[in-house]
There are 2 protein chains.
Amino acid sequence: MSTLGFERHNHARCIRSAVDAADALCATRGLRFTPLRRRVLELIWQCHRPVGAYDLLDQLKSERDGAAPPTAYRALDFLMENGLIHRIESLNAFVGCTHPDAPHQSQFLICTSCHRVAELSDPAIERQIDTKASGAGFQPERQTLEVTGTCDACAVTR
Amino acid sequence: MSTLGFERHNHARCIRSAVDAADALCATRGLRFTPLRRRVLELIWQCHRPVGAYDLLDQLKSERDGAAPPTAYRALDFLMENGLIHRIESLNAFVGCTHPDAPHQSQFLICTSCHRVAELSDPAIERQIDTKASGAGFQPERQTLEVTGTCDACAVTR
DNA sequence: TTGACATAGGTTATACTATAACACTATATA
DNA sequence: TATATAGTGTTATAGTATAACCTATGTCAA
Ligand SMILES: [Zn+2]
Ligand SMILES: [Zn+2]
Ligand SMILES: [Zn+2]
Ligand SMILES: [Zn+2]
């Protein structure tokens, strides 16, 4: 079995289901899932690697006139605020959320060899961190957990 | 009791003990704790808030001629490589390590109100994350855990 | 229907963060 | 002292993010 589980998967379906889920979610919440926001989400889902804002912007520039940094960042802000993507802090890059329906903290395994990223979402870890913080008199709001290392596919190849 | 424990503490002693510890550590490991590196560590310890590289650089510029970004970044790199400071990824800023002797992962509570930061270093959390990652076939190397929220001092004040 | 308001996006400029590359100096050690 | 290595000076540039102001579009009440 593979960590990140990217071998042999139908990635076109991957993208489509992410966008469909976003569509449904925005409809439910009364959010405007505009063509730009939809397109940015699609671009982020092109692969399971984090995408930099300026990589994204290069794509956008080739598709629409006058795309500039705010074009990308505003869409990214919208997608993040609504839990459709996550920001990988240690990489200054963005990745699609695999389960935007349920609220959860940011937990990632990041392979330093192939640069692919897997989202964890382990509620037990989330709770333990929360408990620890509260026990220290701190009111936790947001958790960011990023683990770098080697995914099993890359470990085998070595 | 206060989360971050910053009320009524002798901060001058705080700085001195951090620098002394670094001195000892470098001596033990045969590292060159140069005047620049020492000064940068002192500047980072001026407060318990993360310090940006360019804030640091502004200080350095006022103290030595020709200080430029590499002046700051090289010292920061040295201090990070040797566990004397940590980088707070979500803030692009740096903070002194409270126990550079023992190897450990990066775990922080970050108050969004007063911007002070407390280092956790909870081995149980470290282990749980490690176990989870390994269980997924991933070989973890580095963990970054950043929890934002409100420290108790700020919670009271509200 | 229309006007007032709010949201989204266009456009230009700028701020903030980090590294590349090469020259020169200090230190270690043989 | 000769040699190698590590540290720093210096200049330039790359990469990331936001401010500010304007225009277009959608929403909704009068
Ligand atoms: Zn997610
Ligand atoms: Zn990999
Ligand atoms: Zn530490
Ligand atoms: Zn606080």
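What's counted below: heavy atoms across the whole structure, side chains too, no hydrogens, waters or symmetry copies. Every chain is numbered from 1 and lettered A, B, ... according to where its sequence line falls, protein lines coming before strand lines.
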**Report entry** Within residues 50-69 of chain A or reaching into it, pairs that qualify as salt bridge (charged side-chain N to carboxylate O under 4.0 Å, His left out) - sequence neighbours excluded
**Finding:** R39(A)-E63(A)

To the nearest angstrom, how far is [X] atom [atom1] from [N] atom [atom2]?
X: K61(A); N: dG9(C); atom1: NZ; atom2: P; result: 18 Å
X: L79(A); N: dA8(C); atom1: CG; atom2: C1'; result: 14 Å
X: L31(B); N: dA28(C); atom1: CG; atom2: P; result: 13 Å
X: M80(A); N: dA17(D); atom1: CE; atom2: C1'; result: 11 Å
X: R38(B); N: dT8(D); atom1: CZ; atom2: P; result: 13 Å
X: N82(B); N: dA6(D); atom1: CG; atom2: P; result: 13 Å
X: F78(B); N: dT8(D); atom1: CZ; atom2: P; result: 9 Å
X: D58(A); N: dG15(D); atom1: CG; atom2: P; result: 10 Å

Query raised in the report: Would you call V117(B) and L109(B) a side-chain contact if the rule is heavy atoms closer than 4.5 Å?
Result: no

Atom pairs, N/O to N/O, protein against nucleotides 10-17 of chain C, distance under 3.5 Å?
| residue | atom | partner | partner atom | Å |
| --- | --- | --- | --- | --- |
| dG10(C) | OP1 | R64(A) | NH1 | 3.1 |
| dG10(C) | N7 | R74(A) | NH1 | 2.7 |
| dG10(C) | O6 | R74(A) | NH2 | 2.3 |

Report task. Please figure out whether R37(A) or D77(B) has its closest DNA chain C nucleotide nearer the 5' end. Result -> R37(A)

Query raised in the report: Donor-acceptor pair, E119(B) side chain versus T98(B) backbone, under 3.5 Å?
Result: yes

Query raised in the report: Taking the inter-plane angle between the rings of H104(A) and H99(A) on a 0 to 90° scale, is it parallel (under 30°), tilted (30 to 60°) or perpendicular (over 60°)?
Result: parallel

Query raised in the report: Quick check, are the ring centers of F108(A) and H86(A) under 6.0 angstrom apart?
Result: yes

Query raised in the report: Think R37(A) forms a cation-pi with F78(A), using NZ or CZ under 6.0 Å from the six-ring centre and within 45 degrees of its axis?
Result: yes

